[in-house]
Amino acid sequence: MNTSRSRGRTPRTLRVAALAVLLTTGAFTPTASADSARTETPVGTSGGVTETVVRVKAPLAASFGARPAACDWLSYLRYRSSSGPASSADADRVLVAQPGILEGAGAFDSVARNTVTRAAEQGRHIEFWALDRRSNCLEDRTGIASGDQHTAVDYYYRGKQVEGRTFAGFVGNDKLGWMAKLGIEQTVRDEYTLLAAELPDQGVRREKVLCGGHSLGGVITGYFATADFDGDPATTADAGHNQCAGYFALDTTVSTSLGDLSGSIPDDTNLPDVGLGYGVVQAGLDSGLLPRSLSAPVLLNPETMTLLAIAGVGALQNPGGQADLPSYLPANTNIEATNRFLFSKDAATFLTGSPAVKDFRLTNEAILGSLMDDQSVPLAFLQSSVGFFDGGPITDKNFPAANGSSSQPGLFGTEYKAIPAEPHGPLYTWRDYDRVGDPDDPGYRSSDGTPFTAAGKEVTDIQELARSMAAQPLDFTEQYFPTKLVTDLELATSPQVKRLVVHPDGLTANPTLTVLAGDGLLAGRAPADLHPVIADGYQHLDVLTAAPVQNNGRPEPVSTALTEFARTPR
């Protein structure tokens, strides 16, 4: 182990044990009765950070139509210093974060903990609220919460009960009629409703709340900043920008345009053609002729996104054990196509399905790394830098795009992709981010001699990523992302959306912190006028998932920047 990079870090065995405790002590005991207007449930306390899940009742208008009762509640993960005030209004600052596309509150777990901890070390007590969008109400975490991978697979795919509950199945388009109206207007209204309920004093919100988000969350924050919530533009106490003391953007910009988020929405999703116009698109959503939830044929749909959390369960449950998940999963077209897409080294392998992922011996951590690491997954907005394969020969992954190709689409990212080379061979393990570059690192290279990775490009602890994906009561991903939220933003110039920007000066009414991933969606085209903080070597998700201490021995830069920004007087 390179001790210069591991200085100050908890030994790996203790980290794994601590994260396992978090997974098994997540029994929920609400602090209020289920029929109250608010519940707050303990999740756990670790490293001086107390986490709870808060739910606030906020019924939708009757015009939305029939929906599950859970969808009349708003939810968020609340992180605060264990030694700080119990009341949010007494905190020094409250950071409120909107998730990105196909993203849930659980994705903010590491950056929230890092930021709260960093501030507490400086004698300040801040809170971090990771918001869930209302559509996350459709997700069922019962199988994941069992903490056992086989139990989770049996629950979601084989109809077996967990604690007397049977999975109702993944929700079809015919059951999502209420989501046809769940666009940008309701999304920012939900944030306002939540803030007003949790911090009723508008002066406190104006003084202490920092509004922001990751990826698409930056655009949502832009619309929030320009919105008017009482219907009277002349009265501005309710205006979005007067609910915030400042804005923060994580690998995004605070704006009312999707222009800075190229590559965040895959081309093969079922997103309707917005060239049809606002009225036609809305009519299609209302009737169900158009999909009300965004998905893609592989990886990005409720069934396969559930696999990400299940892989996280295995990585927490038995990190170094040989994975049996690929062979334990049921055989169906959706899962098979996803496995081929992620684990094929070339087009021929994808077409034939041989060798398949189940033909390789992989640890549970290596399975999770394969699904989320930037040297493996070919979707830039899903990539994190969690280390690299170890334990056997590695070869180039030239599917769906060839390594080193100048024509490689931005959607795939810029990193060379790799895959284990020997089916039925050695047990492939996972080298965590802080062991890349150590003396025992094989230093794997691609066929053209390019190193697949280096210590400076690895920033996220795979166990912390697993915790975020599998040990949170609110999901890391968003299985039912409202199509209308994207179509509204793509139709920003239509009268129906333009009218929502009531206070355009709200975008510049407060100071803004922009933190960009050095290798993320805005790599090489960072808007200089925003004076962004650049997190070198980071991928799009790393701004949320990076470990508190980096390979250079320095504190993680995103939480460092957020903490400093939170100190700035209004």
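Just the heavy atoms: all of them, side chains too, but no hydrogens, waters or symmetry mates, feed the values below. Numbers here are sequence positions counted from 1.
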**Message:** Is it true that D148 and S146 share a donor-acceptor pair across their side chains at a distance under 3.5 Å?
**Reply:** no
**Message:** Please evaluate residues Q539 and D542 with respect to the criterion side chain to side chain donor-acceptor pair (under 3.5 Å), reporting the C-alpha separation (whole Å), side-chain torsions for both, the decisive distance (0.1 Å), and the verdict.
**Reply:** CA-CA 5 Å; Q539 296 290 344; D542 288 323; 5.8 Å; no
**Asked** So which heavy atom on V53 is nearest to which on P473, and how close?
**Response** CB-CG, 4.0 Å
**Request:** Please check if atom CZ in R554 has more than 12 non-hydrogen atoms from other residues, nucleotides or ligands closer than 6.0 Å.
**Result:** no
**Prompt:** Run the salt bridge (charged side-chain N to carboxylate O under 4.0 Å, His left out) check on R113 and E51 step by step: do they pass?
**Reply:** CA-CA 9 Å; R113 292 176 185 278; E51 179 189 359; 2.7 Å; yes
**Prompt:** When the ring planes of F167 and Y156 are compared, do they come out parallel, tilted or perpendicular, using 30° and 60° as the limits?
**Reply:** perpendicular
**Request:** Please lay out, stage by stage, how E415 and K457 fare under the test salt bridge (charged side-chain N to carboxylate O under 4.0 Å, His left out).
**Result:** CA-CA 10 Å; E415 301 302 317; K457 283 184 168 287; 3.3 Å; yes
N/O donor to acceptor pairs below 3.5 angstrom from side-chain atoms of residues 168-176, sequence neighbours left out:
| residue | atom | partner | partner atom | Å |
| --- | --- | --- | --- | --- |
| N173 | OD1 | R292 | N | 2.8 |
| N173 | ND2 | G288 | O | 3.1 |
| N173 | ND2 | L290 | O | 3.4 |

**Prompt:** Y328 ring centre to R158 NZ or CZ under 6.0 Å, with the angle to the axis within 45°?
**Reply:** yes
**Request:** Enter the distance from I394:CD1 to K345:NZ here, rounded to the nearest 0.5 Å.
**Result:** 12.0 Å
**Prompt:** For the rings on F389 and Y444, is their centre-to-centre separation under 6.0 Å?
**Reply:** no
**Prompt:** Are F350 and F341 an aromatic pair by the rule of ring centers under 6.0 Å?
**Reply:** no
**Item:** side chain to side chain donor-acceptor pair (under 3.5 Å) assessment of N136 paired with D475
**Value:** CA-CA 8 Å; N136 287 81; D475 213 344; 5.8 Å; no
**Prompt:** How close do P272 and T487 get, heavy atom to heavy atom, and via which atoms?
**Reply:** CG-CG2, 3.9 Å
**Asked** Rounded to the nearest 0.5 Å, how far apart are OG of S385 and CG of D461?
**Response** 12.5 Å
**Fill in**
Distance col, row Q383:CD vs L521:CG, nearest 0.5 angstrom, shows 9.0 Å
**Verdict with supporting geometry, D346 and T349, side chain to side chain donor-acceptor pair (under 3.5 Å)** = CA-CA 5 Å; D346 51 32; T349 304; 2.7 Å; yes
**Request:** Ignoring hydrogens and angles, tell me if any N or O in the side chain of D536 forms a donor-acceptor pair with the backbone of G518 under 3.5 Å.
**Result:** no
**Asked** Taking it one step at a time, do Q161 and T166 satisfy side chain to side chain donor-acceptor pair (under 3.5 Å)?
**Response** CA-CA 5 Å; Q161 289 191 343; T166 302; 3.1 Å; yes
**Request:** Could you list all the salt bridge (Lys or Arg N to Asp or Glu O under 4.0 Å) pairs where at least one residue sits in residues 377-397, not counting sequence neighbours?
**Result:** D390-R431
**Fill in**
Smallest heavy-atom separation, V486 atom then F481 atom, equals CG2-CE2, 3.2 Å
